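Everything numeric in this text was worked out from a predicted model, so none of it was measured. Letters A, B, ... are given to chains in the order of the sequence lines, protein chains preceding strands, and every chain is numbered from 1.
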Protein chains: 2
Amino acid sequence: MEKREKINHRDTVCAVDYAFQRIGGKHKGRLIYHLSKGTLRYGELGRRITGITPKMLTQVLRELEEDGLVKRHVYLEVPPRVEYSLTPSGMELVPFIVLLADWGRAKMNKEGLACEN
Amino acid sequence: MEKREKINHRDTVCAVDYAFQRIGGKHKGRLIYHLSKGTLRYGELGRRITGITPKMLTQVLRELEEDGLVKRHVYLEVPPRVEYSLTPSGMELVPFIVLLADWGRAKMNKEGLACEN
DNA sequence: CTGAATCCGCGAAGATACTG
DNA sequence: CAGTATCTTCGCGGATTCAG
């Protein structure tokens, strides 16, 4: 959890890096993408983000929360319910993610690959 | 070098992932960013992308070349000269990188961080 | 100058099992 | 349901050396 700290002290502060440190990584893009369509529960996210383990899902969500991109909302119920949604800051990133997805989709079509999202 | 292959066979094909696999990673963002301003030589890139080793620079450039985002141009001279530039495909990503950098810069200012790029 | 080749440590990511 | 805990594995990336 002290990863961000390490990165900050280490290399020079560059806007491109700063941004990639926040939305880069293996699952963050997809996570933001799915949340951009609306609030989702923990389990729902886990099902949509294929191949992610609970551990990584939690970790990624925590990082996004620390960076102020994702809001965590706990309902004190039985069974427990935790919902995640984008903060205004996180919403600012949606257009980029969408553009990126469009670009990816276009490239995939050109290469004859199927695309599910 | 078979990394891309492994990724492809493994998880489902998702446009967001597809894109992030191509421009994600530690140095790719900065690399594209610097090349967006014009053709650069190998050594020049190494100097601008602080903290990168020759090995990683070569590796990242090769990956971008395989993905058709970067064009490698070798001049048969002594001393050798190798220049890199963005392909049309790579150029398509520039607006995205720039917007992302703007976003990062704005956030950094809000947090009182200096920004060099 | 522009790389290629090799070795290797360490942290990230995966698997699995368990809990409130 | 929504996570934790623990263990292991793996490959990124650094350091170094060598080549054309």
Side-chain angles (χ1 to χ4, degrees), chain A residues 1-11 17 20-22 24-31 34-35 39-66 70-85, chain B residues 1-12 17 20-31 34-35 39-66 70-85:
Chain A
M1 74 239 17
E2 303 308 327
K3 184 181 40 173
R4 188 59 31 75
E5 193 180 323
K6 252 192 300 182
I7 292 178
N8 277 346
H9 88 69
R10 200 198 59 218
D11 47 30
D17 272 354
F20 267 101
Q21 284 165 12
R22 269 147 192 82
K26 193 168 186 186
H27 309 286
K28 285 187 181 176
R30 270 189 297 171
L31 196 40
H34 284 295
L35 284 182
T39 297
L40 283 175
R41 301 180 59 167
Y42 178 86
E44 194 64 24
L45 277 169
R47 252 165 274 127
R48 303 208 183 191
I49 304 177
T50 50
I52 197 172
T53 58
K55 174 188 165 186
M56 293 314 295
L57 180 56
T58 298
Q59 179 180 312
V60 169
L61 282 167
R62 291 288 185 282
E63 287 180 15
L64 290 172
E65 199 189 352
E66 276 178 36
V70 160
K71 173 71 180 165
R72 182 167 179 263
H73 211 272
V74 183
Y75 295 85
L76 294 178
E77 302 174 354
V78 176
R81 182 159 62 109
V82 182
E83 290 185 346
Y84 293 90
S85 58
Chain B
M1 77 237 19
E2 303 308 329
K3 184 181 39 172
R4 188 59 33 74
E5 191 181 326
K6 253 191 300 184
I7 291 179
N8 277 346
H9 87 68
R10 202 198 57 217
D11 48 29
T12 86
D17 271 355
F20 267 101
Q21 283 165 13
R22 271 149 190 79
I23 70 159
K26 193 168 184 185
H27 309 286
K28 284 187 181 175
R30 270 189 296 172
L31 196 38
H34 284 296
L35 284 182
T39 297
L40 283 176
R41 299 182 60 171
Y42 178 85
E44 194 64 26
L45 277 169
R47 250 165 276 126
R48 303 207 183 192
I49 302 177
T50 48
I52 197 172
T53 58
K55 175 190 168 185
M56 293 315 296
L57 181 55
T58 299
Q59 181 179 311
V60 169
L61 283 168
R62 288 291 182 279
E63 287 180 13
L64 290 172
E65 199 188 352
E66 277 178 36
V70 160
K71 173 74 180 162
R72 184 166 178 263
H73 213 271
V74 183
Y75 296 85
L76 294 178
E77 305 174 353
V78 177
R81 181 159 63 107
V82 182
E83 288 185 349
Y84 294 90
S85 59

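Rounded to whole Å, the distance from CG on B/Leu57 to P on D/dC12 is 17 Å. Here the C1' atom of nucleotide C/dA13 and the CG atom of B/Asp17 are 15 Å apart, to the nearest Å. Atom CD of A/Glu44 and atom P of D/dA2 are 9 Å apart (whole Å). In this structure, the CD atom of A/Glu77 is 11 Å from the C1' atom of D/dC1, given to the nearest Å. Following rounding to the nearest Å, B/Ile49 (CD1) and C/dT2 (C1') show an atom-to-atom distance of 15 Å. Atoms CD (B/Glu65) and C1' (C/dT2) sit 14 Å apart, rounded to a whole Å. If you take CZ of A/Arg41 and P of D/dC1, they are 7 Å apart, rounded to a whole angstrom. Look at CG on B/Leu45: it is 14 Å from C1' on C/dC1, rounded to the nearest Å.
Scanning all heavy atoms of the two residues, the minimum distance from A/Lys28 to A/Leu64 falls at CD-CD2, 3.9 Å.
Residues satisfying the side chain to side chain donor-acceptor pair (under 3.5 Å) criterion with A/Arg62, sequence neighbours excluded, are absent altogether. By the side chain to side chain donor-acceptor pair (under 3.5 Å) test, B/Thr58 is found to be paired with B/Tyr42, residues two or more places apart in sequence or in another chain being considered. In this structure, B/Glu65 has no salt bridge (charged side-chain N to carboxylate O under 4.0 Å, His left out) partners at least two apart in sequence or on a different chain. A/Arg47 is linked by a side-chain contact (heavy atoms from CB on, under 4.5 Å) to A/Glu44, counting only residues two or more places apart in sequence or in another chain.
Annotation: the span from A/Asp17 atom CG to B/Thr50 atom OG1 amounts to 7.5 Å, rounded to 0.5 Å. Note that the NE2 atom of B/His27 and the CD1 atom of B/Ile52 stand 4.0 Å from one another [nearest 0.5 Å]. The line from CZ of B/Arg30 to CG of B/Leu35 is 13.0 Å long, rounded to the nearest 0.5 Å. Once rounded to the nearest 0.5 Å, the distance linking NE2 of B/His73 with CZ of B/Arg41 reads 13.5 Å. Rounded to the nearest 0.5 Å, atoms CG (B/Leu31) and CD1 (B/Ile23) are 12.0 Å apart.
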Worksheet, complete the sentence: Given protein heavy atoms under 4.0 Å, the one-letter contact record of nucleotides 3-10 of chain C, with B base, S sugar-phosphate only and - none, is simply SS-BB---

Write out a two-atom table: protein N or O, nucleotide N or O from nucleotides 18-20 of chain C, distance below 3.5 Å.
none

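Between B/Thr53 and D/dG14, a side-chain N or O to OP1/OP2 separation shorter than 4.0 Å is present.
In this structure, B/Arg72 and B/Leu61 have side chains that are not in contact, with every pair of non-hydrogen atoms separated by 4.5 Å or more.
Comparing D/dA2, C/dA15, D/dG14 by their nearest atom to the side chain of B/Met56 picks out D/dG14.
From one end of the helix from C/dC1-D/dG20 to C/dG20-D/dC1 to the other, with five pairs defining each end axis, the axis direction shifts by 50° (rounded to 10°).
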